[in-house]
Amino acid sequence: MTFDLETYRPKGDKKNSEFFDEYRLKIYQRRNSSGIDGLVGNMRAYVTQVEPGTGVATMAELYVMTPYRYSASYVGATHKFYVLHNRPEFPALIVMEPLSDSFEEYICRINRMYPLSRGTPHTRYVGEIYACSDLETTRSTLEEQSVRFEYPGEVENPFYTANGFLFSMPSDFTGNRIGYSNLDLNDPDNLRLGGKFELTAEENGLLDQAAEFSESSGIGPLLLGVDHMATRILAPDREDAILEFLTQVPYYFWGAYNIADMNSSTNVNRNPTVTDDKVSPAKVFTANNTPSFVNSFADLPMPTETFVRNFGRRMHHVAIEVQDGDHMAGEKNVDFVVNAMKDHGVAFLAKVVGECTDQPNLKQIFSKHSKNTLLITEYVERCHGFDGFFTKDNVAELTAAAGQDEQFRHGQVFD
């Protein structure tokens with residue numbers, strides 16, 4: 001898919017400011033003139049951090065719930081790294097595990113600020129890594145545009161300044177980082193993450209058990225890859241977060257829709273050079289329509305803003321696309337996948353929403369938050385070639401279900 005970004009008219013009914021529309025186009029023009037569009041390519045990996053000692057348990061969970069499989073593991077100065085892959089053309093996944101509970105960094109400091117994340121101080125989605133042909137030129141070009149990067153000796157985790165990688169500082173709007181690499185993310189040894197180590201027999205057995213469920217249940221071939229990932233942010237930061245993201249990577253603002261029932265908006269950004277989002281997944285930002293202190297006058301639902309107040313600005317969910325089709329008469333693949341996972345003990349929020357008859361449409365569901373990553377996993381089946389990305393009714397139901405699960409009560413420890 002190729003088209004002129006400057007003449008593309010974003011979809012949706014969410015009204016954007018004149019400021020946003022003006023600078024969205026200016027950013028596209030500057031990316032082209034400064035060379036960023038030629039230097040930065042597809043998303044090649046995404047990174048998440050978990051609590052010390054939980055890396056293998058996290059991978060076992062991923063074996064059950066996603067198509068990702070363990071490739072190799074390494075130990076560095078401060079972390080263990082577990083590298084997982086799906087298909088070679090899809091982004092890899094790097095799971096970071098601090099070596100010690102006493103390791104302190106930005107993630108710990110920000111997690112302790114919020115009631116439902118302070119109990120897991122090391123756990124946070126970190127960000128994505130994009131292919132980059134020239135790291136130094138990318139750094140110097142984006143620094144001229146006020147993007148800030150990590151430098152050796154100025155950050156506690158040396159991964160963020162390792163050879164072959166370039167990472168931004170965490171965003172003030174989302175808490176996420178943008179990373180760049182000129183390395184082959186499909187070759188873990190090429191990443192130089194530290195000394196290579198093998199899993200124990202017991203750890204391999206845990207992964208084998210999880211893999212056996214995926215294979216024997218028949219759900220494995222139906223889980224394709226990451227369709228999109230969604231970050232929740234505060235109401236006033238919506239436009240700034242999108243423009244900041246568009247400054248740093250060659251995506252475009254696809255469009256935004258008001259989800260009136262949930263007093264929020266869903267804002268989608270996609271890669272214009274791919275025909276399959278799983279090659280370079282869409283980035284979604286969700287935000288309340290009004291800040292909480294103003295919303296108190298109208299007393300509308302605000303699960304998106306409540307999530308941020310309880311967990312902080314962060315990634316909320318990662319969506320896995322399910323192969324479109326019927327497992328059997330009257331049962332779509334996503335229903336089969338979810339029922340098999342439920343039988344295996346995976347917990348979900350509410351029910352599968354949406355209908356797939358003979359018309360293009362969507363069926364979707366949220367899992368409960370992972371105890372290992374705090375992320376929700378969404379499962380989405382795009383029926384009969386549906387390409388509208390989402391439906392407002394589905395998003396409203398999913399948001400409501402998540403909001404019920406994310407309420408904070410004094411004295412609560414999130415589980």
Side-chain angles (χ1 to χ4, degrees), residues 3-8 10 16-47 106 110 125-155 159-183 229 231 233-234 236-256 267-274 280-285 287 313-315:
F3 52 84
D4 185 349
L5 297 183
E6 294 185 39
T7 60
Y8 171 77
N16 299 302
S17 69
E18 292 182 3
F19 165 86
F20 179 82
D21 289 333
E22 175 187 357
Y23 280 92
R24 175 177 59 87
L25 296 179
K26 285 184 174 181
I27 285 169
Y28 295 156
Q29 293 163 358
R30 187 173 65 179
R31 280 197 334 226
N32 183 52
S33 64
S34 68
I36 289 298
D37 277 349
L39 292 167
V40 181
N42 293 343
M43 186 190 302
R44 295 305 301 137
Y46 64 103
V47 184
Y106 165 83
I110 196 169
Y125 178 90
V126 173
E128 306 90 47
I129 300 173
Y130 294 83
C132 183
S133 58
D134 188 328
L135 297 178
E136 286 308 310
T137 300
T138 298
R139 181 202 294 269
S140 61
T141 301
L142 289 177
E143 282 183 336
E144 291 176 356
Q145 301 169 17
S146 296
V147 177
R148 298 185 299 169
F149 290 95
E150 302 289 8
Y151 278 84
E154 297 179 358
V155 63
F159 170 63
Y160 298 133
T161 58
N163 289 335
F165 293 98
L166 173 66
F167 278 94
S168 70
M169 289 184 174
S171 164
D172 295 325
F173 306 116
T174 68
N176 300 333
R177 297 178 184 269
I178 298 292
Y180 309 87
S181 182
N182 57 12
L183 304 176
M229 42 188 65
T231 297
I233 54 180
L234 292 173
D237 294 338
R238 182 186 73 94
E239 292 188 340
D240 292 335
I242 296 167
L243 294 176
E244 178 189 57
F245 176 73
L246 295 177
T247 295
Q248 295 178 253
V249 299
Y251 276 50
Y252 72 103
F253 177 63
W254 178 83
N267 305 266
V268 180
N269 303 271
R270 303 173 85 172
N271 187 325
T273 67
V274 302
S280 194
K283 285 295 299 292
V284 177
F285 299 93
R313 304 168 177 89
R314 64 164 63 213
M315 187 65 67

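On a predicted model such as this, the values are computed, not experimentally measured, just so you know.
- Geometrically, Arg24 does not engage Tyr8 in a cation-pi contact, judged by NZ or CZ lying under 6.0 Å from the ring centre and within 45° of the ring axis.
- Taking the ring-ring contact (aromatic ring centres under 6.0 Å, His included) definition, one finds that Phe285 meets it with Phe245, sequence neighbours left out.
- In this structure, Thr174 contributes its side chain and Ser171 its backbone to no donor-acceptor pair below 3.5 Å.
- Asn176 places no side-chain N or O within 3.5 Å of a backbone atom of Gly127 that could act as its donor or acceptor partner.
- Checked against ring-ring contact (aromatic ring centres under 6.0 Å, His included), Phe20 has the following partners two or more places apart in sequence or in another chain: Phe253.
- One finds the OH atom of Tyr252 at 10.5 Å from the OG1 atom of Thr273 (value rounded to the nearest 0.5 Å).
- By the 30° and 60° cut-offs, the orientation of the rings of Tyr23 relative to Phe19 is tilted.
- In the model, Tyr251 has a side-chain atom that pairs as donor or acceptor with a side-chain atom of Ser280 under 3.5 Å.
- Side-chain atoms of Arg177 come within 3.5 Å of backbone atoms of Ser168 as a donor-acceptor pair (strictly under, hydrogens ignored).
- Of the possible donor and acceptor atoms, none in the side chain of Thr161 sits under 3.5 Å from a partner among the backbone N and O of Tyr151.
- Taken from CZ in Arg313 to CD1 in Ile110, the straight-line distance is 7.5 Å, to the nearest 0.5 Å.
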So Glu128 and Ile178, side-chain contact (heavy atoms from CB on, under 4.5 Å) or not? Walk me through it. CA-CA 6 Å; Glu128 306 90 47; Ile178 298 292; 3.8 Å; yes

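- Atom CG of Asn182 is separated from atom CD of Glu136 by 10.0 Å, given to the nearest 0.5 angstrom.
- The environment of CD in Glu18 is sparse: at most 12 heavy-atom neighbours from other residues, nucleotides or ligands sit within 6.0 Å.
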